[in-house]
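Structure, as structure tokens:
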Amino acid sequence: MPLSKFTIQKLNKDRKKDIKSFYKLNSYSASFIGYDHAYILTLEDKIIGAVIISYQSENNRYALLHGLFIEPSFRNKGCANLLIKNVMREHKHIICFAERELECIYISNGFIEEKSDKLPSYLIKRYESYVKKSTRLSIFINNDEDNG
């Protein structure tokens with residue numbers, strides 16, 4: 001299916017329930033954590049993917065990309081790349097904690113793998129809490145001023 005058939009929408013605050021329902025329907029755990037921006041990928045008005053970009057406060061330079069989920073039947077078709085590229089046009093400094101198996105998605109979108117000492121202090125505790133749940137996490141950072 002051509003990627004041009006998909007639509008990306010940035011959700012308003014009153015539509016956060018739509019993304020929460022999508023995650024719940026897919027037994028995926030993700031939540032809003034601060035100053036959030038939620039995006040959905042749709043096909044014929046059906047949500048098939050989502051991602052959340054969160055800032056801990058309005059003044060933070062780096063955003064945390066999390067909650068990236070694509071319905072299984074749409075994986076390996078470029079859908080995650082579509083969402084990531086869209087998010088990168090609006091948010092220039094992005095950090096993601098992702099399973100090592102997903103490294104190719106982030107590297108192909110201009111992220112670099114980093115060590116935890118490169119994290120801003122306000123994200124270190126969050127990373128440490130994620131690592132307690134999954135020791136296979138890597139840190140990916142996109143710091144590209146010209147990625148839009």
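Residues take their numbers from the sequence shown, with the count starting at 1.
Side-chain contact annotation: Asn81 with Asn109, donor-acceptor N/O pair under 3.5 Å present. A side-chain donor-acceptor contact under 3.5 Å links Ser134 and Glu99.
The shortest distance between side-chain heavy atoms of Phe32 and Lys16 falls below 4.5 Å. Side-chain atoms of Asn26 and Phe69, non-hydrogen and from C-beta on, do get closer than 4.5 Å to each other.
Tyr35 and Val87 fall within the same hydrophobic cluster, defined by Ile, Leu, Val, Met, Phe, Trp and Tyr side-chain heavy atoms under 4.5 Å apart, directly or through other members.
Residue pairs meeting the salt bridge (charged side-chain N to carboxylate O under 4.0 Å, His left out) criterion with at least one partner in residues 119-130, sequence neighbours excluded, do not occur; the list is empty.
The distance from atom CD1 of Ile8 to atom CG of Leu82, rounded to the nearest 0.5 Å, is 5.0 Å. Atom CG of Leu68 is separated from atom CD1 of Ile105 by 6.5 Å, given to the nearest 0.5 angstrom. A distance of 13.0 Å separates CD1 of Ile84 from OH of Tyr39, quoted to the nearest 0.5 Å.
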Got a list of side-chain donor-acceptor pairs under 3.5 Å for residues 41-59, not counting sequence neighbours?
{"unit_1": "Thr42", "atom_1": "OG1", "unit_2": "Thr7", "atom_2": "O", "d": "3.3"}
{"unit_1": "Lys46", "atom_1": "NZ", "unit_2": "Glu71", "atom_2": "OE1", "d": "2.9"}
{"unit_1": "Lys46", "atom_1": "NZ", "unit_2": "Glu71", "atom_2": "OE2", "d": "2.8"}
{"unit_1": "Ser54", "atom_1": "OG", "unit_2": "Asp36", "atom_2": "OD1", "d": "2.3"}
{"unit_1": "Ser54", "atom_1": "OG", "unit_2": "His66", "atom_2": "NE2", "d": "2.8"}
{"unit_1": "Tyr55", "atom_1": "OH", "unit_2": "His91", "atom_2": "ND1", "d": "2.9"}
{"unit_1": "Ser57", "atom_1": "OG", "unit_2": "Asn59", "atom_2": "N", "d": "3.4"}
{"unit_1": "Ser57", "atom_1": "OG", "unit_2": "Asn60", "atom_2": "OD1", "d": "3.3"}

For a quick test of your reading: what N or O donor-acceptor pairs under 3.5 Å do the side chains of residues 17-24 make, sequence neighbours left out?
{"unit_1": "Asp18", "atom_1": "OD2", "unit_2": "Arg15", "atom_2": "NE", "d": "2.6"}
{"unit_1": "Asp18", "atom_1": "OD2", "unit_2": "Arg15", "atom_2": "NH2", "d": "3.0"}
{"unit_1": "Ser21", "atom_1": "OG", "unit_2": "Lys17", "atom_2": "O", "d": "2.9"}
{"unit_1": "Tyr23", "atom_1": "OH", "unit_2": "Gly67", "atom_2": "O", "d": "2.4"}

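Evaluation of the salt bridge (charged side-chain N to carboxylate O under 4.0 Å, His left out) rule for Glu101 yields Arg136 as partners, not counting sequence neighbours.
Counting all heavy atoms, side chain and backbone alike, Glu113 lies closest to Ile107 at N-CD1, 4.2 Å. Closest non-hydrogen pair, Phe74 versus Lys77, comes out as O-CB, 3.6 Å.
Put simply, the side chain of Arg61 never gets that close to the backbone of His93: no donor and acceptor are under 3.5 Å apart.
Shown here is Asp117, whose CG atom has more than 12 heavy atoms of other residues, nucleotides or ligands within 6.0 Å. More than 12 heavy atoms of other residues, nucleotides or ligands shown are found within 6.0 angstrom of NZ on Lys10.
Between Phe111 and Phe140, the distance from one ring center to the other does not fall under 6.0 angstrom.
Under a 4.5 Å side-chain heavy-atom cut-off, the cluster of Ile, Leu, Val, Met, Phe, Trp and Tyr residues that includes Ile95 is completed by Ile33, Tyr62, Leu64, Phe97, Leu119, Tyr122, Leu123, Ile124, Tyr127, Tyr130, Val131, Leu137, Ile139, Ile141.
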Inset, instruction - Report the C-alpha separation of Leu83 and Ile40 in whole Å, then their side-chain angles, then the decisive distance to 0.1 Å, and conclude whether the side chain to side chain contact (heavy atoms under 4.5 Å, CB included) test is met. - result: CA-CA 8 Å; Leu83 276 171; Ile40 56 172; over 6 Å; no

